[in-house]
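A short write-up of the structure that comes next.
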Amino acid sequence: MADPQTLPMTRSLSTDVAGAAMAMHEAAGVRCLMGVGVTGITGRKGQLTVTLDDGTELRAATVVVGIGAVPNDGWLAGSGLTVENGVVCDEYCRAVGTTHVYAVGDVARWFDRARGAHVRAEHWTNAVDQAACVAHNILHPTNLRAYEPVEFVWSDQHGWKIQVVGDTTGSAATTLLGDPTADRRFAALYADGQGLLRGTVVVNWPRVMVQCRKALREGTAWSDLEPGLRAVVNAASRPETKA
């Protein structure tokens, strides 16, 4: 694995959890070449050479390239809609400057009131939740519902189920449950400046994920959430109890 970032998945994970993710890959036998980019791929199927920007050449039978995506919005040129990295929408997923045009899915860049900024999300759970909100707004134009999702994605890697809910970008975790460097089950929790949970990364710990998703939906204060989570941790520390 080659990546220009110093740690894997840093767009979704803070550095403390990303470091644990890299250790997990390395323990599974994956060679992680971090901080280097790819300058070229030559050869033919089954016999490829990948050249890195430090001059290293890697031989490979197959290459998987993950470089993100660009929204397919070129066909909207001249439509009169505001298109900037997707269709720019208000908090109701309604294209700005219109009253009857809505956008859903990867192409929709809606105003997220919680973040105070426009957001475009590329995951099928977002498209499903967004579609339900837009369907309501089309059917009830006098009772519009703002799209305020609790973002949720997951990834299964080397026996790890990594679940991410809410906003986990930015600074290191406010609280760690378990030890990411030693345990196969841990959680990283991120609080905002007002003492509310804003996001969680959970590895192999479904009971913690359930509590955190509920807390994010209900806007639970961290001071009210923490005792319940500590109870889960204490239960998990007893050999006869599974959490």
Side-chain angles (χ1 to χ4, degrees), residues 9-13 65-156 161-170 189-202 206-222 224-225:
M9 299 187 291
T10 50
R11 287 181 59 189
S12 301
L13 309 179
V65 181
I67 55 175
V70 176
N72 183 15
D73 55 21
W75 62 280
L76 292 170
S79 66
L81 300 178
T82 302
V83 180
E84 298 171 1
N85 185 30
V87 179
V88 181
C89 301
D90 61 16
E91 63 268 40
Y92 308 112
C93 297
R94 181 177 53 189
V96 296
T98 75
T99 59
H100 60 285
V101 178
Y102 292 83
V104 169
D106 293 8
V107 76
R109 185 163 164 253
W110 83 98
F111 184 77
D112 186 345
R113 296 199 298 197
R115 296 185 183 181
H118 282 85
V119 177
R120 191 174 65 80
E122 298 172 1
H123 197 272
W124 68 267
T125 56
N126 173 71
V128 171
D129 293 342
Q130 210 166 45
C133 179
V134 167
H136 169 89
N137 290 340
I138 291 173
L139 293 173
H140 305 281
T142 61
N143 183 28
L144 297 178
R145 180 185 299 164
Y147 182 55
E148 299 177 293
V150 176
E151 298 150 297
F152 176 61
V153 296
W154 71 91
S155 179
D156 295 314
K161 178 171 287 294
I162 303 172
Q163 297 174 293
V164 181
V165 61
D167 179 12
T168 60
T169 58
L189 299 98
Y190 306 79
D192 64 15
Q194 286 72 49
L196 300 178
L197 183 70
R198 67 175 174 87
T200 309
V201 177
V202 178
R207 285 187 63 185
V208 172
M209 172 54 67
V210 168
Q211 290 198 34
C212 289
R213 288 191 75 181
K214 183 174 184 292
L216 283 165
R217 284 195 302 269
E218 297 176 355
T220 303
W222 170 245
D224 295 330
L225 173 65

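These numbers come from the heavy atoms of this one structure, side chains and all, not from hydrogens, waters or symmetry mates. Sequence positions, counted from 1, serve as the residue numbers for this chain.
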Rounded distance (nearest 0.5 Å) linking atom [atom1] of [X] with atom [atom2] of [Y]:
{"X": "Leu225", "Y": "Lys214", "atom1": "CG", "atom2": "NZ", "answer": "9.5 Å"}
{"X": "Tyr102", "Y": "Ile138", "atom1": "OH", "atom2": "CD1", "answer": "6.5 Å"}
{"X": "Arg145", "Y": "His140", "atom1": "CZ", "atom2": "NE2", "answer": "7.5 Å"}
{"X": "Leu216", "Y": "Thr200", "atom1": "CG", "atom2": "OG1", "answer": "5.5 Å"}
{"X": "Cys212", "Y": "Leu189", "atom1": "SG", "atom2": "CG", "answer": "4.5 Å"}

Just jot down the side chain to side chain donor-acceptor pair (under 3.5 Å) partners of [X], sequence neighbours excluded, or say none.
{"X": "Ser155", "answer": "Gln157"}
{"X": "Asn126", "answer": "Tyr147"}
{"X": "Glu84", "answer": "none"}
{"X": "Gln211", "answer": "none"}

What heavy-atom pair brings [X] and [Y] nearest, and what distance separates the two atoms?
{"X": "Ile162", "Y": "Met9", "answer": "CD1-CE, 4.2 Å"}
{"X": "Gln130", "Y": "Ala108", "answer": "OE1-CB, 3.8 Å"}
{"X": "Ala127", "Y": "Gly105", "answer": "CB-CA, 4.0 Å"}

Let me check something: any side-chain donor-acceptor pairs from residues 65-80 under 3.5 Å, sequence neighbours excluded? List them with distances.
unit_1 : atom_1 : unit_2 : atom_2 : d
Asp73  : OD2    : Gly86  : N      : 3.0
Trp75  : NE1    : Asn72  : O      : 3.1
Ser79  : OG     : Leu76  : O      : 2.6
Ser79  : OG     : Leu81  : N      : 3.2

> For Phe111, what residues pass the ring-ring contact (aromatic ring centres under 6.0 Å, His included) criterion, not counting sequence neighbours?
Replying inline: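 Phe111 satisfies ring-ring contact (aromatic ring centres under 6.0 Å, His included) with His118 only.
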
> In chain order, what residues pass the ring-ring contact (aromatic ring centres under 6.0 Å, His included) check against His100, with sequence neighbours excluded?
Replying inline: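 Expected list: none.
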
> Does the side chain of Trp110 come within less than 4.5 Å of Cys133's, by heavy atoms?
Replying inline: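 They are not in side-chain contact.
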
With [X] via salt bridge (Lys or Arg N to Asp or Glu O under 4.0 Å) - residues at least two apart:
{"X": "Arg217", "value": "none"}
{"X": "Arg120", "value": "Glu122"}
{"X": "Asp129", "value": "none"}

> Would Leu197 and Thr220 satisfy side chain to side chain contact (heavy atoms under 4.5 Å, CB included), going step by step from the backbone distance to the final call?
Replying inline: CA-CA 7 Å; Leu197 183 70; Thr220 303; over 6 Å; no

For residues 87-97, tabulate all N or O donor-acceptor pairs below 3.5 Å that involve a side-chain atom, not counting sequence neighbours.
unit_1 : atom_1 : unit_2 : atom_2 : d
Asp90  : OD1    : Tyr92  : N      : 2.9
Asp90  : OD1    : Cys93  : N      : 3.4
Asp90  : OD1    : Arg94  : N      : 3.0
Asp90  : OD2    : Arg94  : NE     : 2.9
Asp90  : OD2    : Arg94  : NH2    : 2.9

> Residues in side-chain contact (heavy atoms from CB on, under 4.5 Å) with Gln163, at least two apart?
Replying inline: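 If we apply the side-chain contact (heavy atoms from CB on, under 4.5 Å) test to Gln163, skipping adjacent residues, the hits are Phe152, Trp154, Lys161, Met209.
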
